[in-house]
Chemist: 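Right, I'll just put the structure down here and ask away after.
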There are 2 protein chains.
Amino acid sequence: MNVPGVRPPLADEVVARLREAVASGRWGVGEKIPSEPELIAEFGVSRGTLREAIKALAHAGLFEVLRGDGTYVRATSEISGTAQRVFREHADEDVLQVRFALDTQAARLAAGSADTAVVAELRSLLARRRESWESGDYAAWSAADWEFHLRVAEASGNTLLHELYESFGDVFHGTKMVQRLEAGFDGCLATGHEELLEAIEAGDGEAAVRTVIANLDYCMGWMPGR
Amino acid sequence: MNVPGVRPPLADEVVARLREAVASGRWGVGEKIPSEPELIAEFGVSRGTLREAIKALAHAGLFEVLRGDGTYVRATSEISGTAQRVFREHADEDVLQVRFALDTQAARLAAGSADTAVVAELRSLLARRRESWESGDYAAWSAADWEFHLRVAEASGNTLLHELYESFGDVFHGTKMVQRLEAGFDGCLATGHEELLEAIEAGDGEAAVRTVIANLDYCMGWMPGR
DNA sequence: AAACATTAGACGTCTGATGTTTGTTACGGC
DNA sequence: GCCGTAACAAACATCAGACGTCTAATGTTT
């Protein structure tokens, strides 16, 4: 493809090696990566080149650079940072419609590959979700709710879909949900999630899609300005 | 929020200004942006800082840097580069399932906001698509086909969905389609697109969704390894 | 025990120099 | 007049060194 004499920018190679290090689990999410001088010694490049690589991945959401402290791993997929920046530039309604698209597909696929172990775990999550809501622990409710959706995406068997859910998490769930809680939100159809789980357990993809549609249609009613 | 004395990294501000310049159309897609010395003078930062900003946006797919030549604008949304890199790491089937999710939603929304002018344009595109196929001009067929899908996404009225389609274009359409053309592909349900257009014109969202499902189910049958 | 001062480490930025690649131009041969 | 080659200039790539600023940890004082 390329003439032997020409080589790609060194910084790109450093980006690839950093990406690979994160993907391989050398540094887990939340951990601090080695300091610049250490990485310079390891990769054998100058500080400027290393910083360009780190900056690119930090912009993509893989790293967070804290001046005076160090650089931390914030995600395993570098789509999160960019996606969140793009998503924030669009109306909440548009974002929810895209989530709707992914939710229905995740439900359909999850129903198609029903697994008793996964169903049991989902049931456990819904129990925790219900308890948190009734005890007024909104933070725990929010966490359990999102965990449920994430597991459904994982159960779809589509690794890309699962990765998208993990990356979009903060935008889909974290920021938006809280706003609605203040306004007398009632937990988004208390029985909606149970119905979805039943449809998944029964392996009925179309029924699963219907519950998601009903659920999100209801949610959409809580959108500001509608 | 922040103590007055602390300021964010300069490079981040340069990133924002470059992004804004592209978004505002100061440099169109395909154009060359000013050289590093010129931008240094404009922004009042050093080479290293400017290069970190450009590198971050180049990694995101907004720019392409050609050594010895210059830096060119390659997209208006910076999600494209990252998305394409992530998508390529997943199986074709997984990617098509995600596209399926977006396609059905785009069709549903487009049917909900039917517009005679848009319908006329879509019809014109389908005519061009059919002619290209019959005359054996696969390149033109592919372009018209993708243009049709893109316009449907635009007609949905959801700017985020439209932006995602533009960014994923190469992955969704460019690479994958060509492989199938070799194997005796027959144009993906010759009448599928016409039915979709009719459903959109009639404002029947559910019918539009059904045509997309039928269309992509058929396409899925051409996936390698299934 | 709490509040303050110090310090070492880490990232942020700038400057200057040199190497590589690419596009253009001028020159000489045909 | 055409064409290939060499020289030149422009632009990005990389390196090295220096200094500033911020953070977290430590030590000191009250």
Side-chain angles (χ1 to χ4, degrees), chain A residues 1-19 21-22 26-27 30-75 81, chain B residues 1-19 21-22 26-27 30-75 81:
Chain A
M1 193 73 73
N2 285 340
V3 181
V6 304
R7 50 188 165 73
L10 248 185
D12 289 357
E13 188 186 327
V14 176
V15 165
R17 292 180 67 174
L18 288 173
R19 247 169 62 89
V22 171
R26 174 179 168 188
W27 311 308
E31 282 182 48
K32 189 196 291 192
I33 74 174
S35 70
E36 290 178 353
E38 288 177 86
L39 291 175
I40 287 170
E42 176 177 343
F43 294 142
V45 298
S46 73
R47 192 161 168 231
T49 301
L50 173 69
R51 281 181 56 82
E52 281 180 19
I54 290 179
K55 192 75 184 177
L57 291 176
H59 185 73
L62 209 67
F63 293 144
E64 183 184 9
V65 183
L66 298 183
R67 148 204 228 158
D69 182 7
T71 300
Y72 295 80
V73 178
R74 289 293 181 239
Chain B
M1 190 74 74
N2 284 339
V3 182
V6 303
R7 47 192 163 72
L10 249 184
D12 289 357
E13 189 186 327
V14 175
V15 165
R17 293 180 66 174
L18 287 172
R19 249 169 60 87
V22 171
R26 173 178 168 187
W27 310 309
E31 283 182 48
K32 189 196 293 192
I33 73 175
S35 70
E36 289 179 351
E38 288 177 86
L39 291 175
I40 287 170
E42 175 176 344
F43 294 141
V45 298
S46 71
R47 274 187 269 299
T49 301
L50 174 69
R51 281 181 56 81
E52 282 180 19
I54 291 179
K55 194 76 185 175
L57 292 176
H59 185 74
L62 208 67
F63 293 145
E64 183 183 10
V65 182
L66 299 183
R67 173 160 47 192
D69 182 5
T71 300
Y72 295 80
V73 178
R74 288 294 180 236

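Basis for what follows: all heavy atoms, side chains included, without hydrogens, waters or symmetry-related copies. This structure is a prediction, so every number in the text was calculated from the model and none was measured. In what follows, chains carry the letters A, B, and so on, assigned in the order in which the sequence lines appear, proteins first and then strands, with residues in each chain numbered from 1.
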Chemist: Atom CD of B:Glu38 to atom C1' of D:dA10: distance rounded to whole Å?
Modeler: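 Atom CD in B:Glu38 sits about 11 Å away from atom C1' in D:dA10.
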Chemist: Side-chain N or O of B:Arg51 less than 4.0 angstrom from OP1 or OP2 on D:dC12?
Modeler: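 Negative; the distance criterion is not met.
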Chemist: Do A:Leu62 and A:Val22 have side chains that approach each other closer than 4.5 Å (heavy atoms only, starting at C-beta)?
Modeler: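 Yes. Closest side-chain heavy atoms under 4.5 Å.
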Chemist: Return no unless some side-chain N or O of A:Thr71 is found under 4.0 Å from OP1 or OP2 of C:dA10.
Modeler: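 Answer is no, no contact under 4.0 Å.
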Chemist: Salt bridge check: are B:Arg47 and B:Glu38 linked by an N-O gap of less than 4.0 Å?
Modeler: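 No, no charged N to carboxylate O under 4.0 Å.
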Chemist: Would you say that A:Tyr72 contacts A:Val65 through its side chain, given a criterion of any heavy-atom pair below 4.5 Å between the two side chains?
Modeler: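 Not in contact.
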Chemist: At under 4.0 Å between heavy atoms, what does A:Gly48 touch on the DNA or RNA strands: base, sugar-phosphate, or nothing?
Modeler: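 Result for A:Gly48 = nothing.
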Chemist: I'd like to check A:Trp27 versus A:Thr71 (side-chain heavy atoms, cut-off strictly below 4.5 Å). Are they in contact?
Modeler: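 A:Trp27 vs A:Thr71: side chains apart.
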Chemist: Find the distance A:Ile40:CD1 to D:dG17:C1' and express it as a whole number of Å.
Modeler: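 The answer, rounded to whole Å, is 12 Å.
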Chemist: Between B:Thr49 and C:dG12, is there a contact of a side-chain N or O with OP1 or OP2 at under 4.0 Å?
Modeler: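 It does not, given that no N or O in the side chain of B:Thr49 lies less than 4.0 Å from OP1 or OP2 of C:dG12.
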Chemist: Need to verify one output field. Residue with the more 5' nearest nucleotide on DNA chain D, A:Gly68 or A:Val45?
Modeler: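 Whichever sits nearer the 5' end wins; that is A:Val45.
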Chemist: Please determine, for the side chain of A:Arg47, which listed nucleotide (C:dG16, C:dG12, C:dC14) has the closest atom?
Modeler: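 From the listed options, C:dG12 comes nearest.
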Chemist: Given atom CG of B:Leu39 and atom P of D:dC12, what is their separation to the nearest angstrom?
Modeler: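 Value for this atom pair: 8 Å.
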Chemist: How long is the line joining CG of A:Leu10 and P of D:dC12, in whole Å?
Modeler: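 Whole-Å distance recorded here is 18 Å.
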Chemist: Round to a whole Å and report the spacing from CD of A:Glu36 to C1' of C:dA8.
Modeler: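 It is 16 Å, rounded to the nearest whole Å.
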Chemist: Counting side-chain heavy atoms from CB outward, which of C:dC11, C:dT13, D:dT23 is closest to A:Asp69?
Modeler: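 Of all the options, the side chain of A:Asp69 is nearest to D:dT23.
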Chemist: For B:Lys55 and D:dC12, what is the distance between atoms NZ and C1' respectively, to the nearest whole Å?
Modeler: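 Nearest whole value for this atom pair: 10 Å.
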Chemist: Does A:Asp12 pair with B:Lys55 as a salt bridge, N-O distance under 4.0 Å?
Modeler: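 Looking at A:Asp12 and B:Lys55, the cut-off is met.
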Chemist: If you check every side-chain atom of A:Arg67, which of D:dC22, D:dC15, C:dC14 has the closest atom?
Modeler: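 Side chain of A:Arg67 sits closest to D:dC22.
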Chemist: May I have the distance from B:Phe63 (atom CZ) to D:dA11 (atom C1'), rounded to whole angstrom?
Modeler: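 These atoms are roughly 16 Å apart.
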Chemist: Can you measure B:Lys32 atom NZ to C:dG23 atom C1' for me and round it to whole angstrom units?
Modeler: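 Those two atoms, NZ and C1', are 9 Å apart.
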